[in-house]
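The chains referred to below are lettered A, B, ... by the order of the sequence lines, with proteins before strands, and numbering in each begins at 1.
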Amino acid sequence: MDILLQQIINGLTTGSVYAIVALGYTMVYGVIQLINFAHGEVVMIGAMVAFSVIMALVGMGLPLPPFVIVLGGVLAAVPVCMAIGYLLERVAYRPLRHAPRLAPLITAIGMSIILQHLALLVWGRDPRAFPQIMENASFAVGGAAISSVQIAIILLSVTMMAGLTWFVYRTRFGIAIRATAEDVRVAGLMGVDANRVIAATFTIGAALGAVAGVMYGTYYGIAHYTMGFILGLKAFSAAVLGGIGNLAGAMLGGILLGLVEALGAGYIGDMTDLCRWPVFGELLAERCAADGHVVLFGSNYQDVFAFLVLILVLVFRPSGLLGERVAERA
Amino acid sequence: MREVLLEARGIGKRFGGIHALKDVSLTIRAGEIYGLIGPNGAGKTTFFNVLTGLYSRDAGEVLFAGGPLELGSPHLVARAGIARTFQNIRLFGNMSALENVMVGRHVRTSAGVLGAILRTRAQRAEEAAIRRRAEELLRYVGIHHRAGDLARHLAYGDQRRLEIARALATEPKLLALDEPAAGMNATETAALRQLVEGLRADGLTVLLIEHDVKLVMGLCDRVAVLDYGEKIAEDVPEIVQRDPKVIEAYLGGSVG
Amino acid sequence: MSRLKPAHWFGLALVAIALLALPLVLTQVGTAWVRIANFAILFVFLSLGLNIVVGMAGLLDLGYIAFYAVGAYTWALLASPHFNLHLPFWAILPLGALLAGMAGAILGAPTLRLRGDYLAIVTLGFGEIVRIFMNNLSAPFNITNGPKGITRIDGFGAGGVNFSTTDTLFGIAFTGPAKYYYVLLVLMLLVIVVNLRLQNSRIGRAWVAIREDEIAAKAAGINTRNIKLLAFAMGASFGGIAGGMFAAMQGFVSPESFVLHESIMVLAMVVLGGMGNVWGVIAGALLLSFVPEFLRYTVEPAQQAIFGRLLIEPEVLRMLIFGAALVLTMRFRPAGLWPESRHKREMGERRA
């Protein structure tokens, strides 16, 4: 099996999900320069709602094709998440628009805790096995395998990215969003209703997040009330990597982060195998002979990569790959 | 002629495609009030921010008090002896007026965490000295009666004075004031003028950016004029006032 | 400092007697309550540490519990059969504080130029990294014993007093938890004094100045980089000491104890009580420590009585209350329930 190619395929899949979640962070950041801290929880709720609907549909025993059932889950998750996204903006952000920057962040943390524990009440403490009703066919690609779910996730993500780009660059409302991102006051003078635009970025981001949640649940086959936290953190890292506030940046950042993670997880074990190192190999000769490997960091450190990437980006290129340099201001 | 305190040589600064400062050189002598004027957007505040280390510069150097001035880190500039105020007043709003000035003493004092926790004799002595000096400075700028009030509760004119007191607390050799008269009425401006003249009388060198040309011409010993990021004149007010280039810059070329 | 009036002395004496008698009274109610009081003190300790970072310097740190973990694991590794080391407390506590302080500086260094909200996310990630390492550093070399944690940790020991047994002095029985209470009380008083003294010092003023307006602070000659690092390191070292005491008291540590929720809980205490105000923070910590315990004793029976079964676990209810407390405090009392008296409505940098 071609490990490199396989990890690239896996990385593209998770990267697509990160990218879609990252778009939610970046859109909100673009218009109000604040992090929507609870976005990860929105994604989690999307996955959970879809899970319940899919289970219910399966339970009814209707002769529906699997594709329709999953679509039903998505169609239920999207409006729920949009409502939550809207609520978030109204409760945690709008009342504090002129407060110090930390205030909305703290309310958003509060909202995120509330959402998480409401989900715990509704869906329970244990991870839920996400129903695998889609036929998961596997196709061979040059020594690696790609599953139909992976293909679906990548295609759907690309479609959503294209759709969002079209929306933001080609529609009237999209232009209003970009104008608000450029300068809220001037956009207001031109007749743009900033409140509507800001609320829209929260709800659009939440809708994308809902779909991402379903994709993530389907891919890993599991949904849990805490899944939003780490997924949100990674997607945020992706948004920062690409340059927060920049749509193309979020997409690029998401894909790159997915690749870094997959390749890192695939190779870090080999790279930190002390038996392969000159000095340590001799020191540990006995153990190496017995076990074959003395791996310092295995793939169980996968979750660390996103944070390392985040920290490195912030240190060396705080504006991200595609972000403009923020003008100095006294 | 008095000795040179500050000499800026060929300062340049770009923002993206905009050339905010082009080869600006000027010389400030010890004990004078030096005015820097120019139309809106001429680069006065940019020059100020480069000089005080808030902006990095793209070209040039500054000699200060006989040595090169390390630009790029504001606290080192403050340590070297240049203190500034801001066009849009920047105080520590939720600290008292007295505390604001006490913060200004930071750079001339040394007590650390350990001293503070143990309340060592040296720390208590230093703390008392900081407080004394801060009170003196509040009295000097005339707002001692507001010492205990939060800075953000002070009247506009008093906030300007407080900012000057905080700057003075760093024991500057050069005090740089960024449009101190902006937003002031005639009475307040007159009082400010008195204050600045008092500073000169006490031997301090002052760099003044100002919009109010009348104030500058009346107060300053020498004046430089910036236009589109370039210095177009530098001399005593009487000569600068009659310089055709200056008149053109201000009146947009309508003078025949 | 002005002399205290007799009335104040009387009040102080009452408070002192109450604090000294508390564990004896609580023992009568149940030893569990002495443990709860001990944890409340531990959280006061943690909150005051975080108050330096968030309240005074205005740096939102969401990974604070990582420093608590560093302190706890320092104690656990140096005073347990795990490595067969049994160092005394006077060696471990300062070392834990030092290591946690260093971790704080390491976290602070790359984040100093960041705006507040970025900082929050990075610190969050950092807390997670520390936890992941503790979970995984059991192979190939067993350092932390992984998710199973470290057991049979030495208790606190000083002057021949055994802190895990009951001793009788002057006819009064002092249980193990009661003895810890007095140690923690002393440490807490020290931490309060340190906080109060720092607040009105050259460094404390520099922290508040940075919180109020970083650019003006720079222009006033403050080396903001060093002063912020100092805030991180100081706050972290408090967390390290608290962590050490936690390990000693529990006799057991595992990565489970250092999850994000704990960071959020400490943050909620600081925010709710009143960022920057030492007394407000203490009140916030005590409030959020005791209220959930009362809930535990009231909510469960109440639900059983009304619904016949447990609908909402107290633990979940507690987190819901924390979440709501954060939202409502920011909305209606942004400076906390007991705001800093001088710095009434403040925190973080102003919106540009």
Side-chain angles (χ1 to χ4, degrees), chain A residues 29 33-35 37 91-92 95-118 120-121 125 226 229-230 233-234 236-237 240 244 273-274 284 287 291 293-298 300-304 306-308 310-312 314-315 318 329-330, chain C residues 54 58-60 62 107 109-111 113-122 124-126 128-129 132-133 135-136 139-141 215 219 259-261 264 267-268 271 275 311-313 315-331 334 345-352:
Chain A
Y29 197 92
Q33 284 78 50
L34 287 172
I35 297 166
F37 196 89
V91 173
L96 297 166
R97 202 166 292 159
H98 300 290
R101 316 182 45 91
L102 289 190
L105 192 63
I106 290 173
T107 50
I109 293 171
M111 286 301 283
S112 131
I113 298 173
I114 293 174
L115 287 174
Q116 210 182 87
H117 286 83
L118 287 179
L120 167 60
L121 282 179
R125 196 177 281 281
T226 58
F229 164 55
I230 206 102
L233 256 176
K234 288 181 180 178
F236 175 78
S237 306
V240 173
I244 195 151
D273 184 352
L274 291 182
L284 298 165
R287 261 184 89 171
D291 305 339
H293 304 283
V294 176
V295 176
L296 216 46
F297 300 111
N300 41 358
Y301 286 91
Q302 188 184 3
D303 284 347
V304 171
F307 306 131
L308 290 183
L310 177 64
I311 289 170
L312 289 177
L314 290 175
V315 171
R329 209 185 279 176
Chain C
V54 179
L59 306 162
L60 187 57
L62 293 180
L107 165 67
T111 57
R113 287 177 306 158
L114 304 180
R115 294 216 328 230
D117 35 10
Y118 275 70
L119 181 70
I121 298 275
V122 173
L124 192 72
F126 176 78
E128 202 53 21
I129 289 182
I132 291 173
F133 271 89
N135 240 328
N136 290 305
F141 306 104
I215 288 172
V259 290
L260 174 72
H261 282 172
I264 301 239
L267 179 71
V271 170
M275 277 181 280
L311 283 182
I312 302 180
E313 299 166 50
E315 179 57 31
V316 176
L317 192 64
R318 182 173 76 144
M319 291 314 291
L320 287 174
I321 289 175
F322 282 179
L326 288 177
V327 174
L328 296 175
T329 311
M330 278 301 113
R331 180 83 186 267
R345 230 197 72 82
E346 183 309 333
M347 40 156 244
E349 62 225 81
R350 241 162 275 162
R351 295 287 305 272

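Here the CG-CD1 distance, from C:Leu267 to A:Ile106, works out to 5.5 Å after rounding to the nearest 0.5 Å. A distance of 4.5 Å separates CZ of A:Phe236 from CD1 of C:Ile121, quoted to the nearest 0.5 Å. To the nearest 0.5 Å, the span separating CD on A:Gln302 from CG on C:Asn136 amounts to 11.5 Å. Taken to the nearest 0.5 Å, the CG atom of C:Leu260 stands 4.5 Å off from the CZ atom of A:Phe229.
In this structure, C:Arg331 has no salt bridge (charged side-chain N to carboxylate O under 4.0 Å, His left out) partners at least two apart in sequence or on a different chain. Remark: C:Leu317 pairs with C:Leu295, C:Val299, C:Ile312, C:Ile321 by the side chain to side chain contact (heavy atoms under 4.5 Å, CB included) rule, at least two apart or across chains.
In this structure, chain A has a heavy atom under 4.5 Å from the side chain of C:Val271, while its backbone stays farther away. In this structure, no portion of C:Leu328 lies under 4.5 Å from any heavy atom of chain A. Within the 4.5 angstrom heavy-atom criterion, atoms from both the backbone and the side chain of C:Phe133 approach chain A. For A:Ile114, the parts sitting under 4.5 Å from any heavy atom of chain C are the backbone and the side chain alike.
Considering all non-hydrogen atoms of both residues, A:Leu105 and C:Ala120 come closest at CD2-CB, 3.6 Å. Between C:Val316 and A:Arg125, the shortest heavy-atom distance links the atoms CG2-NH2, 3.9 Å. Across all their heavy atoms, C:Met330 and A:Thr107 have their closest contact at CB-CG2, 3.2 Å.
When side chains are defined from C-beta on, C:Glu128 counts as touching A:Ile230, because their heavy atoms get closer than 4.5 Å. Using a 4.5 Å heavy-atom cutoff, the side chains of A:His117 and C:Glu313 are not in contact. Using a 4.5 Å heavy-atom cutoff, the side chains of A:Phe37 and C:Leu62 are in contact. Between C:Met319 and A:Leu120 there is no side-chain heavy-atom pair separated by less than 4.5 Å. Proximity of A:Leu233 to C:Leu124: side-chain heavy atoms (C-beta onward) are separated by under 4.5 Å at one or more points.
Between chain A and the options C:Ala325, C:Gly323, C:Ala324, the largest number of non-hydrogen pairs under 4.5 Å is found for C:Gly323. Contact tally against chain A (heavy-atom pairs below 4.5 Å) for C:Asn135, C:Val122, C:Leu320, C:Thr329: the top residue is C:Leu320.
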